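Below is one structure; the comments refer to it alone.
Just so we're on the same page: letters track the sequence lines, and every chain starts at 1. Note that the structure is predicted; figures quoted are calculated from it, not measured.
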2 protein chains.
Amino acid sequence: MAPSDTRPRAGSRGARGSAREGTRDGTVGIKQVAAAAGVSAGTVSNVLNRPERVSPATRARVLAAIGELGFVRNGSASSLRAGQGRTVGLMVHDLLNPFFTSLAAGVEDVMSERGHAVIMCSSGSSPQREERNLRMLAEQKVRGVLVTPLEEGPDRLRLLRERGIATVMLDHAATRPQQCSVSVDDVAGGQMAVRHLLERGARDIAYVSGPLSIRQCADRRAGAARAIASAGFGALREVTMAEMTPRAGQEAGEHLLAELPDAVFCANDLLAMGVLRALLRQEVRVPERVLLIGYDDIEYATASAVPLSSVRQPTYQLGRIAATQLLDECDDPGGHAHQQIMFQPELVVRESTTP
Amino acid sequence: MAPSDTRPRAGSRGARGSAREGTRDGTVGIKQVAAAAGVSAGTVSNVLNRPERVSPATRARVLAAIGELGFVRNGSASSLRAGQGRTVGLMVHDLLNPFFTSLAAGVEDVMSERGHAVIMCSSGSSPQREERNLRMLAEQKVRGVLVTPLEEGPDRLRLLRERGIATVMLDHAATRPQQCSVSVDDVAGGQMAVRHLLERGARDIAYVSGPLSIRQCADRRAGAARAIASAGFGALREVTMAEMTPRAGQEAGEHLLAELPDAVFCANDLLAMGVLRALLRQEVRVPERVLLIGYDDIEYATASAVPLSSVRQPTYQLGRIAATQLLDECDDPGGHAHQQIMFQPELVVRESTTP
DNA sequence: ATCGAAGGTTGACACGATTTAACGCAACGG
DNA sequence: CCGTTGCGTTAAATCGTGTCAACCTTCGAT
């Protein structure tokens with residue numbers, strides 16, 4: 001191992017020497033800040049990451065230098081060395097659904113407050129896209145991921161856990177005990193909605209739903225059925241649509257016109273808005289002739305011509321809490337107690353069920 | 001230059017030697033893949049970044065090894081070395097407004113197709129938050145940023161440009177020629193809407209708007225005024241609200257009840273939905289008594305009890321095009337021709353203006 | 001058969017911030 | 001007066017991938 005020394009001549013491309021010019025792309029780096037403040041690079045790093053370890057005097061000098069030079073930390077370098085960055089992932093089903101954007105807003109607000117960036121992506125209805133996105137998040141070395149999972153089956157989150165990335169399930173109760181989740185009791189919500197309709201005198205009730213492969217739709221149906229069962233009277237008709245959009249709701253509503261039920265429970269406010277439109281168009285009065293209730297209590301439910309009764313989920317709060325949970329787990333992986341939080345939904349009665 | 005040799009003793013802390021164990025956190029790195037495929041790390045890197053430079057045979061071997069070992073590239077290291085990563089930033093005013101989420105969906109779809117991650121953030125109405133977010137995006141070394149800028153005044157995007165980060169302005173025409181932008185002609189839109197109302201016989205027209213400091217609101221007002229001027233008849237009343245939500249619209253509508261106009265033009269569909277509700281509640285028939293038209297043509301405009309006429313913007317496409325533009329600029333900074341694209345909006349007539 | 005060109009592959013170094021062990025210094029107790 | 005303790009600071013090693021010049025192989029032309 002002595003004089004083999006085949007390494008290329010040092011400084012073959014001109015020694016840049018005492019980091020004068022700054023980083024490659026002309027920006028100032030930690031070294032320039034250090035030089036300006038008369039300290040070493042390590043100290044600057046400490047000022048940024050563990051300010052308490054630096055004496056107030058030097059800290060002030062360093063911060064001043066940072067301000068003057070307009071230093072911006074290089075996140076790539078930082079997270080390469082530190083092993084974790086300041087970004088988290090958020091994956092929802094559909095960015096166009098107000099329910100999910102409200103979740104997203106909650107997440108984004110928390111992350112913004114705590115200095116984290118949010119990589120947002122949507123899975124559409126495609127498991128492939130979901131998997132591709134998870135993979136991409138793993139590449140980005142996000143600190144954690146919030147997901148509204150698409151379907152049961154293969155545990156896609158394993159890929160992340162194996163790499164030490166914390167995950168929180170959103171709007172879906174965790175199946176594994178070592179997994180945080182924040183969700184809302186959809187069975188109770190469905191029960192609540194239908195019980196309300198029964199109390200208002202409805203007997204012949206229609207449930208307008210999205211695909212029952214979506215857990216939320218199935219749970220809400222289960223709740224509705226339970227309400228009818230425990231009341232001992234009433235009947236539940238079902239209309240299942242492929243999508244959960246106003247358009248689909250309108251189709252469902254037109255379908256119902258043939259034989260009007262006393263009341264309609266929709267798995268979704270978007271569906272309910274469509275149903276409402278179909279009914280009003282044919283001069284069917286809501287709520288006088290047909291009671292109508294939706295789910296989610298999106299903002300536009302109130303703004304609808306006949307304000308919609310709905311089952312409110314604390315959507316924005318859901319996002320906030322899940323985000324907080326995730327950061328807690330990231331900040332203290334050891335002492336963190338995984339928890340599955342399940343909220344109870346809340347019935348919101350408006351004109352569409354108030355004759 | 002011969003035996004100065006001050007380099008540190010090799011393997012001072014126990015030679016990890018032939019990278020057996022993988023990377024720090026137990027995951028496989030490029031070196032393990034290289035070993036498994038019987039090539040050097042550089043070749044693996046080439047397979048990932050410039051596959052055409054690698055012979056098909058080795059490429060296949062490397063890809064196989066990647067698959068078997070479950071290798072996931074470390075994005076931090078990659079973007080540190082390469083100087084740029086595979087993420088872009090998107091900043092909008094408000095994640096809760098369907099207009100912006102539709103934009104976002106367009107952006108996200110394109111970026112997902114082209115293998116990029118999107119860091120999404122919102123500025124609220126706060127210039128501080130906007131600036132903080134831009135700074136954060138700079139730290140993350142995003143390849144480019146799409147922004148719906150909050151206000152004129154200090155050129156906040158300069159911070160990014162100085163660091164060589166491409167920017168595209170969304171829903172806002174660029175003021176500098178060396179800046180891409182994608183927007184819609186709001187003056188034309190306002191003109192279009194009011195001309196339509198005039199054609200339908202309205203004379204006393206109210207404009208319900210958000211803050212005029214928001215360019216969109218101001219432009220739409222200008223268009224409305226122009227329509228009235230060029231018609232030679234009609235009058236424009238104005239109601240300005242602090243927010244552009246259904247709630248604010250309802251307040252505006254209640255205000256209008258005191259002296260009903262012939263028609264109402266809202267700067268926003270959300271406002272229009274609120275106005276509609278206020279009118280219908282008081283049994284004011286739309287469109288028979290009052291014509292109503294909104295702006296944006298969000299999905300819920302159709303689903304509204306009286307389907308709203310509106311001025312459609314190709315929102316989703318706006319997002320897609322801006323995203324494409326941004327990536328073009330990133331991929332070829334030299335040959336890229338900056339362009340300011342301005343779309344023409346489209347009048348969508350529905351029942352709210354069809355007596 | 002030899003040479004040259006072209007393309008494939010290698011290996012060492014660089015990217016910029018974090019980390020860690022070591023060091024200097026001051027205060028303190030025995 | 002010396003050894004110890006502890007805080008603040010430093011220098012150097014390091015994270016995992018991309019890059020580029022040099023090297024090697026192969027193949028066709030002379």
Steps toward side-chain hydrogen bond (donor to acceptor under 3.5 Å, both in side chains) verdict (B/Arg132, A/Ser112): CA-CA 9 Å; B/Arg132 199 181 55 190; A/Ser112 173; 2.5 Å; yes
Nucleotide [N], atom [atom2] - distance to [atom1] of [X] in whole Å:
{"X": "A/Lys141", "N": "D/dG16", "atom1": "NZ", "atom2": "P", "result": "8 Å"}
{"X": "A/Lys31", "N": "D/dT10", "atom1": "NZ", "atom2": "P", "result": "15 Å"}
{"X": "A/Gln32", "N": "C/dA17", "atom1": "CD", "atom2": "P", "result": "8 Å"}
{"X": "A/Arg24", "N": "D/dC20", "atom1": "CZ", "atom2": "C1'", "result": "14 Å"}
{"X": "B/Asn74", "N": "C/dA17", "atom1": "CG", "atom2": "P", "result": "17 Å"}
{"X": "A/Ile30", "N": "C/dA14", "atom1": "CD1", "atom2": "P", "result": "19 Å"}
{"X": "A/Asp25", "N": "C/dC15", "atom1": "CG", "atom2": "P", "result": "11 Å"}

Test item: [X] and [Y] side chains (from C-beta on) under 4.5 Å apart, heavy atoms:
{"X": "A/Phe100", "Y": "A/Leu95", "value": "no"}
{"X": "B/Arg143", "Y": "B/Thr87", "value": "no"}
{"X": "B/Asp109", "Y": "A/Arg129", "value": "yes"}

Check every strand shown and say whether [X] touches a base, only sugar-phosphate, or nothing at a heavy-atom separation below 4.0 Å.
{"X": "A/Val44", "value": "nothing"}
{"X": "B/Arg50", "value": "sugar-phosphate"}
{"X": "A/Gly29", "value": "sugar-phosphate"}
{"X": "B/Thr58", "value": "sugar-phosphate"}

Quick one: is [N] close enough that its OP1 or OP2 comes under 4.0 Å of any side-chain N or O from [X]?
{"X": "B/Ser40", "N": "C/dG11", "result": "no"}
{"X": "B/Arg59", "N": "C/dG8", "result": "no"}
{"X": "A/Ser79", "N": "C/dA17", "result": "no"}
{"X": "A/Asn49", "N": "C/dT18", "result": "yes"}

Hey, which of these two, B/Ser78 or A/Arg61, hits DNA chain D nearer its 5' end, going by closest nucleotide?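 The residue whose closest nucleotide sits nearer the 5' end is A/Arg61.
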Which residue lies more 5' along DNA chain D, comparing B/Leu80 with B/Arg53 via nearest heavy atoms: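 That would be B/Leu80.
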With distance as the sole criterion, do the side chain of A/Arg81 and the base of D/dT14 form a donor-acceptor contact below 3.5 Å?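 Counting by modelled atom types and ignoring angles, a donor-acceptor contact under 3.5 Å is found here.
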Determine whether a donor-acceptor pair (N or O, by modelled atom type, separation under 3.5 Å) exists between the side chain of A/Ser181 and the backbone of A/Met169.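 No; judged by distance alone, with no hydrogens or angles, the pair does not exist.
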Among D/dT17, C/dT19, C/dT10, which nucleotide sits nearest the side chain of B/Asn46?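 For B/Asn46, the side-chain atoms sit closest to C/dT10.
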Nearest-neighbour nucleotide for the B/Ser55 side chain, C/dG8, C/dA17, C/dT10 considered: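 Nearest to the side-chain atoms of B/Ser55, counting from C-beta on, is C/dG8.
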